[in-house]
Amino acid sequence: MVVYAFYIFDRHTECIYSKKWPPPVAASTAKPRPQSTSSAATNGESAQPLTRRTNQKSDDEKLVFGVVFSLRNMCRNLGGEDNFFMNFRTNEYKLHYFETLTRLKFVMLTDTRTGNLRAALHQIWLNLYIEYVVKNPLSPAEHPGGMGVANELFERGLESFVREVLSAPS
Amino acid sequence: MRREWEGEKLPRVVFTLLIVSKAGGLIYNREFHAGLSKQDTNELLIIAGTFHGVHAISQKLCPVPPAQPPPSNIPTMPVRPSGIEVMESANFRLQCFQTVTGTKFLLFTEPQQPNIDGIMRRIYELYCDFAMKNPFYTVEMPIRCEKFDRGLDGFVKATR
């Protein structure tokens, strides 16, 4: 499986941590692109769908938050108070969601062939966030602007968790 | 074919079907089995509208560049981002099928429900046969076709 991105949102709806991993196939897809655009140009067709606008980083954060917030409320509304939203899938990616009791939201975007990652997000919260952010005496209780979250230990722990546990060839 | 038939022998629990028009309005809703919290029409309209918006955003959230088709002289349809296809929660699963014209079928089922694609295809057939081919039905308007209701009931409940 491939991990694309990871976000943490706090209870004030602010994105306190975000990380994107460059898609590993970028090098191989870069090659056929000039050919296909040139062939489209010779056909006289516009290559409009190929030049899809990529979002800014902060745009992405807001869009992700909007999506998970709406779906979470919808799940609560339809399935009762004890129901929780787990994940959704499109034809391009899969979004996984985990929320703690303190309304801290963990979101991960992966490829579509991935199973349920709720347990993995729980692990990240328990073993990385609690250990390196909450228990850090220098870190503030709230994290405005992501202050105190992206420390070295947390970053390194997350990096190795994603590389060794999630991206391991199955 | 054989597998589909076997799938239909299993007990199925389909909670609710919503049909959302391409403008985000709710044009049909039917509850087959109780299981979700009771919603009145206003709340269902809100759910349909919310999902319509979320579906549109989910198309924009592409973390990878879209896959390029192999270069050839034959013009091919570009792969479009589909938006949400399946959403899972603890108590139910939501399958969304969007037609080429933008109408969305939302099917709320149990989380372990097998063969939802087959059910969805059959429901789409019923919609085509009894709603779209009905000369008195105006597109994008609420569907009030008795035969469609009966067809759905017959299909979803009969094979239980």
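Residue numbers start from 1 in every chain, and the chains themselves are labelled A, B, ... in the order their sequence lines are given, proteins ahead of strands.
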Interface moiety of A:Asn73 toward chain B, non-hydrogen atoms closer than 4.5 Å: neither
Side chain, backbone, both or neither: which part of A:Leu109 has a non-hydrogen atom closer than 4.5 Å to chain B? side chain
Over 12 non-hydrogen atoms of neighbours within 6.0 angstrom of [atom1] in [X]:
| X | atom1 | value |
| --- | --- | --- |
| B:Lys22 | NZ | no |
| A:Phe161 | CZ | yes |
| B:Arg144 | CZ | no |

Would you say the side-chain atoms of A:Glu14 and A:His143 include a donor-acceptor pair closer than 3.5 Å? no
Please say whether the positively charged group of A:Arg118, taken as NZ for Lys or CZ for Arg, lies over the ring of A:Phe84, i.e. under 6.0 angstrom from the six-membered ring centre and within 45 degrees of the axis. yes
Which bit of [X] is near chain A, if near means a heavy-atom gap under 4.5 Å: side chain, backbone, both or neither?
| X | result |
| --- | --- |
| B:Ser58 | both |
| B:Gln39 | side chain |
| B:Leu94 | side chain |
| B:Phe108 | side chain |

Quick one: are B:Phe148 and B:Ile143 in side-chain contact, heavy atoms under 4.5 Å? yes
Interface residue of largest heavy-atom contact number with chain B, from A:Val67, A:Val64, A:Leu78, under 4.5 Å: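 Between A:Val67, A:Val64, A:Leu78, the count favours A:Leu78.
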